[in-house]
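Being a predicted model, the structure only gives us computed values, none of them experimental.
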Amino acid sequence: MPGRRNPLLTFLFAALILLFTGGPVALALYGSLVPDRILLDPNRSVLSEGPSLESYRYIFTGELPASYRQASANRAMISDAARQVPHSLVNSSIIALSAMLLNMLLGAPAAFIYARHAFPGKKLSFMFLILSPLVPAIALVTPIYMMLEGLGLTGTRIGIILVHTAKALPFTVLILSVFFRKIPQELFEAAVLDHCSRLQAFLRVALPLALPSIGATGLFAFMLSYSEFMFSMVLSGDAATRPVSVVMAALARNTDVSWSLLNTAIFIAIVPTLVLVVLVWRFVVEGLLNGSVKG
């Protein structure tokens, strides 16, 4: 029968996607629970000796694993950068959440204006905004650094938040403007008949309908900010303001670092994104699937 789905083929494709997306996370979790003495020894098994939380204990408390307290142990495998992971995780969470909120607060009204109202320079400014991400980021590092240096914002969270917000804002405006254009004009005409101003029409008509799309673009802004490295590295200062992406790069540069410690840091670093996805994904997906506007 034409159009009939093959359940086996669907399962295979789903399993393949799960393997490539969830596989690295599962491997990082496994590597974080297996000490190097078991991970690198084919004669030992985690099933016989059990998992270990010594790498987590070192990262959060500084307690050196027992295998590295021995006289002949290679302590170079224990990187001090791993101790910065918890605080850098807080920095990245604050920066990414702030960039997400600013993107939603600034992007939604801007997209509504671009989508539903005419003003001088609309096409030119919209084209400039949408094409700005095409400029190579490496070409913007020096001028952005000089600008923030003049404002006294280098080495601060605020400077990184502003840059991350600017990077994600064009995408937010583009996606939300497309959504706002699809809202039937009759809804806004009814709002005008009810003596609503432009601001009231946005708050009472457009904003409730756009909440799933705003949530999706906010999630994208969070992911972009959380994983961004180049500007975070250039603009961050000491460990007090360093995001987790910069700390993870410093940890990975140590070629002798413990595999268990590295996997532990990786798994800890991806926990905030996993938590955020679990919290908002159902709302965003259900809203995008069921939130189509009926004329």
Side-chain angles (χ1 to χ4, degrees), residues 21-40 46 50-69 73-100 154-161 163-164 167 219 221-279:
T21 56
V25 179
L27 286 176
L29 176 60
Y30 174 78
S32 68
L33 297 174
V34 180
D36 288 348
R37 62 181 181 273
I38 300 176
L39 190 65
L40 303 178
V46 67
S52 172
L53 298 177
E54 58 185 19
S55 294
Y56 289 93
R57 195 176 298 113
Y58 171 74
I59 288 178
F60 287 104
T61 67
E63 180 182 341
L64 198 66
S67 58
Y68 294 99
R69 288 198 293 265
N74 181 12
R75 292 185 177 84
M77 296 181 70
I78 299 297
S79 174
D80 291 336
R83 294 282 291 121
Q84 300 177 16
V85 169
H87 187 72
S88 66
L89 202 62
V90 175
N91 288 335
S92 286
S93 299
I94 293 174
I95 292 170
L97 286 172
S98 301
M100 180 182 73
T154 54
T156 65
R157 292 174 183 166
I158 297 177
I160 302 175
I161 291 171
V163 174
H164 288 184
K167 287 193 65 177
L219 182 61
F222 179 93
M223 299 295 188
L224 183 65
S225 173
Y226 191 83
S227 60
E228 201 279 327
F229 171 71
M230 185 170 59
F231 285 104
S232 299
M233 179 184 66
V234 174
L235 299 176
S236 62
D238 54 14
T241 58
R242 200 169 293 158
V244 71
S245 59
V246 179
V247 173
M248 290 302 301
L251 184 62
R253 280 198 298 267
N254 184 356
T255 55
D256 294 328
V257 70
S258 162
W259 282 102
S260 177
L261 189 64
L262 181 59
N263 279 288
T264 303
I266 291 173
F267 186 75
I268 293 174
I270 63 179
V271 165
T273 58
L274 295 177
V275 172
L276 183 66
V277 168
V278 169
L279 291 177

- Item | Over all atoms of both residues, closest heavy-atom pair of S260 and S32 | OG-O, 3.7 Å
- Item | Over 12 non-hydrogen atoms of neighbours within 6.0 angstrom of CG in L29 | yes
- Non-hydrogen side-chain atoms of F267 and V271 separated by less than 4.5 Å: yes
- Task: Kindly compute the distance separating OG (S98) from CD1 (I160), expressed to the nearest 0.5 Å.
- Result: 11.0 Å
- Okay, side chain of Y226, backbone of A269: is any donor-acceptor separation there less than 3.5 Å? yes
- Minimal heavy-atom distance between G31 and N263, with the atoms involved, is C-CB, 3.6 Å
- Item | Test log, rule side-chain contact (heavy atoms from CB on, under 4.5 Å), inputs I59 and L261 | CA-CA 8 Å; I59 288 178; L261 189 64; 3.8 Å; yes
- Query: What do the steps show when you test L251 against L262 for side-chain contact (heavy atoms from CB on, under 4.5 Å), and what is the final call?
  - Reply: CA-CA 7 Å; L251 184 62; L262 181 59; 3.9 Å; yes
- Item | Heavy-atom closest pair, residues T264 and S55 | OG1-CB, 3.2 Å
- Message: Donor-acceptor pair, distance only, cut-off 3.5 Å: does the side chain of S92 make one with the backbone of V244?
- Response: yes
- Give a yes or no answer on whether the side chain of H87 reaches the backbone of A240 with a donor-acceptor pair at less than 3.5 Å. yes
- Any L33 side-chain heavy atom under 4.5 Å of Y56 side chain: yes
- Message: To the nearest 0.5 Å, what is the distance between CZ on R242 and OG on S88?
- Response: 9.0 Å
- Query: Distance from S227 atom OG to I270 atom CD1, nearest 0.5 Å?
  - Reply: 12.5 Å
- Task: Compare every heavy atom of R83 with every heavy atom of Y58, then report the nearest pair and how far apart it is.
- Result: O-CD, 3.1 Å
- Hey, what do you get for CG (L235) to CE (M230), rounding to the nearest 0.5 Å? 10.0 Å
- Query: Once you round to the nearest 0.5 Å, how far does OG of S225 lie from CG of L97?
  - Reply: 8.5 Å
- Message: Can a donor-acceptor pair be found, under 3.5 Å and without considering hydrogens, that links the side chain of S245 to the backbone of E228?
- Response: yes
- Query: Which heavy-atom pair separates A99 from I161 by the least distance, and what is that distance?
  - Reply: N-CG2, 4.2 Å
- Message: I'd like to check F60 versus I268 (side-chain heavy atoms, cut-off strictly below 4.5 Å). Are they in contact?
- Response: yes
- Message: Side chains of R157 and N91: any donor to acceptor distance under 3.5 Å?
- Response: yes
- Do the side-chain N and O atoms of S232 and H164 include a donor-acceptor pair separated by under 3.5 angstrom? yes
- Item | Interatomic spacing from CE in M223 to OG1 in T273 - rounded to 0.5 Å | 5.0 Å
